[in-house]
Asks: 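Have a look at this one.
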Amino acid sequence: MRFLMMSMADDSTPDEALMVEMGRFVEELSAAGVLLATGGLDPAAIEVRSVGDEITVTDGPFTEAKEAVGGFALVEVGSVAEAVELTRRFRRIVGDGKSVIQQVFGP
Amino acid sequence: MTDARRAVEAVWRLESAAVVGALTRVVRDVGLAEELAQDALVAALAQWPRAGVPDNPAAWLVTTAKRRAVDHLRRSQRFERAKEHLVRPDQVAGSDQDERDGPEQDDALRLVLLTCHPVLPTEQRVALTLRLAAGLSTAEIARAFLTTEQRVAQRVAAAKEALAGVPVEVPRDASDRVAAALEVVYLTFNEGYSATAGDDLVRLDLVREALRLGRLLAALAPREPEAHGLVALMEVQASRSAARTDATGAPVALHEQNRGRWDRLLIRRGFAALLRARDLGRPPGPYVLQAAIAVCHAQAATAEDTDWARIAGLYDALARLLPTPVVRLNQAVAVGMARGPAAGLDLVDRLRAEPSLRDYHPLPVVRADLLARLDRPAEARVEFERAAALTDNAAEREFLLRRAADLPAQDRPTLGASAEAFLARTDLDPTTLRSYGQTLGRVRRALGDAHAVDAITAGDLARVFDLAWSGAAAKTWNRHRSAVRTFCAWARLPDLAADIDRRPETRHRVPPLPPEQVALLWTLDVPVRELALWRMLHESGAPVRTVLALDVEQLDLDDRRARVGAGWVSWRAATARLLAELLAGRETGPVFRSRRGAGRLSYERAESLFKQATKALDPAGLTLGLLRR
């Protein structure tokens, strides 16, 4: 089962200790074969909206920064509980904030 | 509570390799390490719901289990030897962080190399690795391999027992052990990817576990190109999972798959793993070559874009390293695509003498394809029909028959029709006809029913005989040979058995034991039961099983004989004396009883006892049959 874990952006800039710990966490999960892909997202977003035949493209940013996705991880695990456990560890490292987990349909 | 259980299970699935590995280092016994880890899980189940899941659950489990290990070792004599590896219980609490780096990785590698140890039979290796290194439950493993929980539990227990005396250290040159572990991973993957049984053609849980273990091994042994090669191979193959079956679940061949459904993420990961293998700069091994072939296919946007020249070159290299018949058949396909059908056919025809491919339907399919491309439609049709007769898969049979029907048939009498007519003869008795039917059945399967009967050569038939009956007894060989000659005479064909030599039928009898050796037997220090049995076999000359089947009721002790069916088993004075001693007045039951209880001495046991007892006479031990005169 694949899960997409999205973490909401926060205003703080990560310090070096956190970067090191994060790097180690990512490395560990990649080695364990659980983490398939991960990345951070540029807060400057572009919105594409369609209504009827009309498509409107607007530059971001979002009005509420805390609701914007700041980073993602695609994991392959055997159960929801495993995905939750991984996210729990991730949150321990990054501190206060919110992550959302959704299962990716498909094989 | 169930939430806590799920959380503990999730931790275990993610961390079992590290936890059991660390404990194995301490207690030096993988079975004990697992027990301790299980105890720690029980403790976690009690504690985590109240205190919350610890920051580093693996370290918590290791620490808890180590405390128990100390208790355990204190009580055992191993304590003295092992205590230098142990942290003192009062120091354990603060030691979590020191353990985060190096040793943990080594622990996991040590564990996987141990559970994949070559001393274990393959199925035990697979079960133990999935249990300990992948943290699957016996129920999950049983489901994955379509077997019972009990059987999996037995395999795991047997494996743990076998490993109890095996050193847990990773040897300095671990390549062989890594290779054994890669084999376990690949087997698991294949079981999941091309499910040999069950309703699903692909079992994704096994594919996922294999990928996970493979990625773990590659991270643990990063200097082993084959580990990266295997990961690359599995990633690229797994990328096709969604495209491999159609809506009804039927398989879809590679060149007909919808490439849009291939998982680009896995393909990219496969590329990256293959690059890591190449960067190590060593000559490519079988997994790296297979991965490179898989990558070539993955790189082609359409089937027509496939770089067959490169794939053929890779298969040439693979066939040199791993010249199995199936690899060579795939090589022939690639060569046929890259260098023309004649070159491919040349390779395929060399495989026709391969016993393991005798009834392997892909061989005639490949041959048929190549023959059709060489504009030899009649022969291609024969091969398609032969392949259809050999496959068990109904959908595939239909497909092959359709392809055959698209090709023009030759109008000469066929082998199938001639054989049917021959077997319909009324002037032969049914036994003879059945025997001829067996011979011709094999010939028809090997050459194909549609084969023109007058085009069969003596060489064709010699090849069929070598493949089918080279290991058979001379009598069987000659029976098939004369069946073919009879058929040829009847069908007004030249003698197609001309290249098949008649084999001399010798009835070789093992010479009986020389008298001086027999005399030595009676001096051996063995129980009276053995002496009585041996004497009776020697004096009566009766078959071993007949003598062992005797009951006391059958014996006529006065006349020294026993009725067996319509005949008699009879003996002389020496046996009579020993029988009296053995039976000691007993009037019923088996004459020769098993040591325990009132059962009968088995043939196998009797032979084994004789073999043991006669080691002094012959280092290999003798068999009871030699006693018969």
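We name chains A, B, ... by the order of the sequence lines, and we start the count at 1 in each one.
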Asks: Looking at A/Leu74, A/Leu86, A/Val77, which makes the most heavy-atom pairs under 4.5 Å with chain B?
Replies: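 Highest number of heavy-atom pairs under 4.5 Å: A/Val77.
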
Asks: Any salt bridge between B/Asp263 and A/Arg2, counting N to O under 4.0 Å?
Replies: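 Here B/Asp263 pairs with A/Arg2 in a salt bridge, since their nearest N and O are under 4.0 Å apart.
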
Asks: Any ion pair linking B/Glu9 and B/Arg13 (charged N to carboxylate O, less than 4.0 Å)?
Replies: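 No, this pair does not count.
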
Asks: Measure distances from B/Arg212 to the heavy atoms of chain A and classify the residue's part below 4.5 Å as side chain, backbone, both or neither.
Replies: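 Both backbone and side chain.
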
Asks: Between B/Asp107 and B/Arg110 (salt bridge meaning N to carboxylate O under 4.0 Å), is one present in this structure?
Replies: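 Yes, B/Asp107 and B/Arg110 are salt-bridged.
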
Asks: Does any backbone or side-chain atom of B/Val53 lie under 4.5 Å from a heavy atom of chain A? Answer side chain, backbone, both or neither.
Replies: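 Contact with chain A involves both backbone and side-chain atoms of B/Val53.
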
Asks: For residues A/Glu27 and A/Ser30, is any side-chain donor paired with an opposing acceptor at under 3.5 Å?
Replies: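 No pair is found: no donor N or O on one side chain lies under 3.5 Å from an acceptor on the other.
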
Asks: Should the heavy atoms of other residues, nucleotides or ligands under 6.0 Å from CZ of A/Arg91 be counted, would the total exceed 12?
Replies: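 Yes.
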
Asks: Non-hydrogen atoms of chain A under 4.5 Å away: do they reach the side chain of B/Leu266, the backbone, both or neither?
Replies: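 It is the side chain, since no backbone atom gets that close.
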
Asks: Pick from B/Ala218, B/Pro57, B/Pro222: which one has the most heavy-atom pairs with chain A under 4.5 Å?
Replies: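 Answer, by heavy-atom pair count under 4.5 Å with chain A: B/Pro57.
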
